[in-house]
Amino acid sequence: MKYIVANWKANKTQMEIEDWFKKFNTKYKESNSNNLTNLRIIICPSFISLSLANKLIKNYSLPLLLGAQDVSSVSMGSYTGEVTAQMLKNIADYVIVGHSERRSRFKESDETLTNKVNKAMNEGIKPIYCIQDEKTLIPEGVSLIAYEPIFAIGSGRPDTVENTCNVITYVKQNASKREVLYGGSVTKENVKSYLSSQIIDGALIGKASLDPDNFWEIINAAIN
Ligand code: PGA
């Protein structure tokens with residue numbers, strides 16, 4: 001089983017999301033694809049679009065799961081603007097925590113990120129914890145990790161499969177039962193080279209997941 005995670009970041013209006021699912025559904029239904037069972041496909045839209053995405057997945061009966069792109073480090077209460085794990089429970093199965101964009105642009109510290117992980121896990125939401133290299137601190141209890149080197153994100157310059165395998169092997173050596181994905185300029189052309197490796201448990205995809213046709217081709221590459 002391999003993971004394919006779509007990180008839509010701060011992209012897509014509600015209308016664009018409706019359009020994405022409509023087009024993705026057409027591709028899916030045309031393909032008679034019952035062979036997605038070896039993939040766990042997780043779509044991560046913005047908070048405001050999670051409910052809509054949830055409704056569309058159900059209406060179209062698509063084999064897709066939902067993830068949030070962030071979660072608050074605090075519980076319910078007087079924290080204007082925060083979205084807590086309790087609010088996300090029952091709508092998101094996963095949450096991306098520790099993405100380098102949150103670390104660098106929003107100054108999230110290891111301590112904040114550990115709190116986020118704990119809040120998510122307390123509500124049964126599985127964190128997809130992003131690390132930038134093998135030295136990044138990984139909070140206790142995290143079992144799903146995405147190796148995302150900063151130089152590879154959005155740059156069109158992915159890490160090599162060889163180096164990715166080295167980093168992931170190291171990360172797996174330090175704790176048992178870790179699944180580790182690769183993220184950073186994954187495309188329909190290169191996704192297979194990462195997924196062919198036994199060591200890499202999936203891909204986290206930003207830009208190339210935004211277009212439904214392109215994303216469908218990534219999925220096809222992953223299953224064939
Ligand atoms: P990218 O983004 O696929 O556009 O490089 C990956 C990510 O930041 O998660």
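Indexing begins at 1, ligand by ligand and atom by atom, following the structure's order.
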Problem set entry | Among Trp8, Tyr60, Trp216, ring-ring contact (aromatic ring centres under 6.0 Å, His included) partner for Trp20 |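 Answer to the ring-ring contact (aromatic ring centres under 6.0 Å, His included) test with Trp20 among Trp8, Tyr60, Trp216: Trp8.
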| message | Quiz question: by atom type and distance under 3.5 Å, do the side chains of Tyr147 and Asp159 form a donor-acceptor pair? | response |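 Distance-only check passes for Tyr147 and Asp159.
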task = Give a yes-or-no answer on whether the side chains of Gln14 and Ser49 include a donor-acceptor pair shorter than 3.5 Å.
result =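 Looking only at side-chain atoms, Ser49 and Gln14 do form a donor-acceptor pair, the distance falling under 3.5 Å.
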Proximal protein residues to ligand 1, non-hydrogen atoms under 4.0 angstrom: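 Protein residues near ligand 1 are Asn7, Lys9, His99, Glu148, Ala152, Ile153, Gly154, Gly184, Ser185, Leu204, Ile205, Gly206, Lys207.
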Item to check | Distance in Å, Asn7 CG paired with Glu148 CD, rounded so as to fall on 0.5 Å steps | outcome: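 Those atoms lie 7.0 Å apart.
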*asked:* Side chains of Ile125 and Val71, heavy atoms from C-beta outward: is any pair under 4.5 Å?
replied: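 No - every pair of side-chain heavy atoms lies 4.5 Å or more apart.
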query: Among Ser73, Ser72, Ser75, which one satisfies side-chain hydrogen bond (donor to acceptor under 3.5 Å, both in side chains) with Lys119?
result: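 In the set Ser73, Ser72, Ser75, the residue that makes a side-chain hydrogen bond (donor to acceptor under 3.5 Å, both in side chains) with Lys119 is Ser75.
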